[in-house]
Amino acid sequence: MRSQRSRIVLILGLATLACERRPAASAGGPLRGDSADSAFALVQARGHRAMGVDQYTSRHEFEPLPDGGRIMLTRDSADTAGGARIRAHMREIAASFQQGNFDLPGFVHDREVPGSAAMRARRAQITYTPDSAQGGGQLRISSRDSVAVAAIHEFLAFQHHDHRAGDHSHP
C-alpha cells in the first residue's frame with residue numbers, strides 16, 4: 001500500500017512539473033506561478049489519471065438545473081478515443097455515485113467534494129443518467145428531493161470553480 005501511494009505521489013509530482021512547464025504559447029497566454037495555479041495543476045494531473053484524458057485539452061461544464069444538474073466533459077480536439085474514454089468514465093461515475101461512492105471526485109480534488117455527503121445520504125432520491133455528447137459525454141443528475149437538489153448544486157458549483165470551467169486561459 002505504501003509503495004503504491006509513493007508511486008502515485010511521484011507520478012502526480014512529475015505530472016505537475018510537466019503541467020507547470022507547459023509552454024505559454026500552447027495555453028494562449030502567460031504562465032502563472034502562484035500557489036492557486038500549483039493546486040490547479042494538481043487537480044488537472046489527478047483528473048487526467050482518474051479520467052484517462054488530458055484535462056488541459058478537455059472542456060468541463062457543470063450546469064445547475066431546477067431538478068439537479070449536468071456534468072459534461074468533451075475533448076477540444078477530434079479525439080475519438082478520448083471521447084470514448086469520457087463516455088465510459090461517465091458510465092463509471094454514474095454507477096459509483098448511485099451507490100453513494102464519491103471517492104473519485106474526492107481523489108481528483110484531494111478532499112471530500114462539498115455536497116457529496118448529502119448526495120450519498122440521499123442516493124435513493126437521486127438519478128444519474130450518463131449519455132453521449134459530441135466529443136465526449138455527460139451525466140445528468142436529477143432529483144425531486146429539495147435537499148438532494150441543493151446538495152447537487154453545491155457539488156456542481158465546487159467543481160465548476162475547482163476545474164476553472166469556462167476559463168480557457170489557464171496554463
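Values below: every heavy atom of this structure, side chains too, minus hydrogens, waters and symmetry copies. On a predicted model such as this, the values are computed, not experimentally measured, just so you know.
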Of Ile71, Thr129, Thr127, Val149, the residue whose pairing with Ile141 passes side chain to side chain contact (heavy atoms under 4.5 Å, CB included):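 Considering Ile71, Thr129, Thr127, Val149, a side chain to side chain contact (heavy atoms under 4.5 Å, CB included) with Ile141 is found only for Ile71.
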
Does the pair His160 and Glu61 meet the rule for a side chain to side chain donor-acceptor pair (under 3.5 Å), with working shown? CA-CA 7 Å; His160 176 86; Glu61 294 179 44; over 6 Å; no

Would you sort out whether Arg75 and Ser58 count as a side chain to side chain donor-acceptor pair (under 3.5 Å), showing the intermediate values? CA-CA 4 Å; Arg75 298 291 291 138; Ser58 300; 2.8 Å; yes

Give the minimum heavy-atom separation between Val53 and Gly82, together with the two atoms involved. CG1-O, 3.7 Å

For residues Asp162 and Phe40, report the shortest heavy-atom separation together with the two atoms involved. O-CD1, 3.6 Å

Looking at residues at least two apart in the chain, or sitting in another chain, which of them share a side chain to side chain donor-acceptor pair (under 3.5 Å) with [X]?
X	result
Asp131	none
Gln125	none
Arg123	none

Side-chain contact test, heavy atoms from C-beta onward, threshold under 4.5 Å: evaluate it for His163 versus Gln55 and give yes or no.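 Heavy-atom side-chain distance check passes, below 4.5 Å.
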
Beyond-backbone contact of Arg120 with Asn101, side-chain heavy atoms, under 4.5 angstrom: no

Could you check Glu154 against Leu156 for side chain to side chain contact (heavy atoms under 4.5 Å, CB included), going step by step and ending with a plain yes or no? CA-CA 5 Å; Glu154 184 180 18; Leu156 295 173; over 6 Å; no

Checking Met51 against Leu73 for the side chain to side chain contact (heavy atoms under 4.5 Å, CB included) test, could you report, in this order, the C-alpha distance in whole Å, the side-chain angles of both residues, the deciding distance, and whether it holds? CA-CA 10 Å; Met51 295 174 223; Leu73 180 62; 3.5 Å; yes

Counting the benzene-type ring for Trp, do Phe155 and Phe97 have ring centres under 6.0 Å apart? yes

Run the numbers on Leu139 and Tyr128 for side chain to side chain contact (heavy atoms under 4.5 Å, CB included), then give the verdict. CA-CA 7 Å; Leu139 178 63; Tyr128 299 92; 4.0 Å; yes

Is there a chain of hydrophobic side chains (I, L, V, M, F, W, Y, each step under 4.5 Å between heavy atoms) that links Ile86 to Met72?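 As far as the 4.5 Å side-chain criterion goes, Met72 and Ile86 are not connected within one cluster.
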
Distance only, no hydrogens: is a donor on one side chain within 3.5 Å (strictly under) of an acceptor on the other, for Ser143 and Arg122? no

Go through the steps for Asp79 and Arg85 under the test side chain to side chain contact (heavy atoms under 4.5 Å, CB included), then give the verdict. CA-CA 10 Å; Asp79 174 10; Arg85 177 64 204 120; over 6 Å; no

